[in-house]
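Following: one structure in structure tokens, then a few remarks.
Whatever order the structure lists ligands and atoms in, that order sets their numbers, starting from 1. All values derive from a computational prediction rather than experimental measurement.
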Amino acid sequence: MQVLGIDVGGSGIKGAPVDTRTGKLLAERFRIKTPKGAEPKPVARVVAEIARAFKWKGLIGIGFPAPIKAGIAMMAANVSDKWIGLNADDLFTQVTGCDCTMINDADAAGLAEMKFGAGKGQPGTVIMITLGTGIGTAIFHGGKLLPNTEFGHLDMNGKDAERRASDAVRQREDLSWKKYAKRLNKYLATMEKLFWPDLFIIGGGISKQSEKFIPLLKIETPIVPAQFLNEAGIVGAALAAKKRS
Ligand code: BGC
């Protein structure tokens with residue numbers, strides 16, 4: 001089945017049609033900058049523009065950077081507060097004219113990696129961590145997702161972990177890979193002590209450069225980059241929409 005997967009991020013909104021049987025993108029992904037403030041209507045217009053670019057008429061899955069319950073964003077860390085309590089499934093369905101399903105962005109990325117990528121066949125506890133504007137987490141056990149975990153907001157020295165160890169912070173503070181790896185290590189070591197996972201998968205924009213920081217990490221748990229790199233969110237959003245249909 002073909003589903004349009006869209007990943008709404010803090011800096012860009014990206015989409016591509018996905019073959020949900022194989023996890024392959026069926027066309028080059030299309031990216032538009034996230035409108036300033038990331039308010040509902042401007043974001044919805046961008047989503048509609050991406051759908052139009054592919055002349056899309058079918059299902060759309062949308063990965064969104066917030067916990068999502070029945071199409072409603074429950075919280076907003078890196079997007080406008082106007083999303084909170086809004087039925088975003090309905091808004092996106094209205095503007096695109098297609099049946100839209102929202103899912104948390106990290107959960108989407110995790111679903112793709114568990115089905116086709118780095119977590120495939122892993123029976124134990126797997127934690128997908130996306131490092132981008134924020135920090136997203138998706139936790140699986142026996143291949144099953146515990147949805148909407150928000151461990152990017154764990155406290156790290158009196159601040160949200162994502163305000164210390166996200167990729168956006170690395171870029172903003174111009175941290176060397178060594179310094180950044182030290183911070184990330186601290187975050188991962190905390191997650192390790194809380195969950196005793198069998199595998200960490202690192203996704204998000206930074207996963208393209210995994211060889212620069214993964215070898216510097218000193219945690220016990222095996223840690224690998226996402227096989228879909230930053231496209232995991234697009235693929236997983238498509239899988240989530242198909243599952244709901
Ligand atoms: C949000 C999460 C999201 C993560 C990555 C966090 O700020 O609260 O829902 O998964 O950023 O985008």
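In summary, R163 and D160 do not engage in a salt bridge, as defined by a charged side-chain N under 4.0 Å from a carboxylate O. A salt bridge between K57 and D99 is absent, with no side-chain N of the basic residue lying under 4.0 Å from a carboxylate O of the acidic one.
For ligand 1, the atoms lying closer than 4.0 Å to a non-hydrogen atom of E150 are 1 (C), 2 (C), 8 (O), 9 (O). In summary, the atoms of ligand 1 found under 4.0 Å from a heavy atom of N104, numbered by their order in the structure, are 2 (C), 3 (C), 9 (O), 10 (O). Listed by atom number, the atoms of ligand 1 under 4.0 Å from M75 heavy atoms are 8 (O). Close contacts between ligand 1 and H153 involve ligand atoms 1 (C), 6 (C), 7 (O), 8 (O) [criterion: under 4.0 Å to a heavy atom]. Each of the atoms 9 (O) of ligand 1 lies under 4.0 Å from some heavy atom of A66. Atom numbering of ligand 1 starts at 1 in the shown order; those under 4.0 Å from a heavy atom of G136 are 4 (C), 5 (C), 10 (O).
At least one heavy atom of I135 sits less than 4.0 Å from an atom of ligand 1.
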Verify side-chain contact (heavy atoms from CB on, under 4.5 Å) between I201 and V126, making sure each step is shown before the conclusion.
CA-CA 8 Å; I201 304 174; V126 180; 3.7 Å; yes
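For D174, the side-chain hydrogen bond (donor to acceptor under 3.5 Å, both in side chains) criterion is met by no residue, not counting sequence neighbours.
Protein heavy atom closest to atom 10 (O) of ligand 1, with residue, atom name and distance, is D105 OD1, 2.6 Å. Of the protein's non-hydrogen atoms, E162 OE1, 3.2 Å is the one closest to atom 6 (C) of ligand 1.
Taking the six-membered ring wherever Trp is involved, the centroid distance between the rings of F151 and Y187 does not fall below 6.0 Å.
Looking only at distances, no side-chain donor or acceptor of D7 sits under 3.5 Å from a matching main-chain atom of I13.
Classification of the W177-F213 ring pair by plane angle, with boundaries at 30° and 60°, yields parallel.
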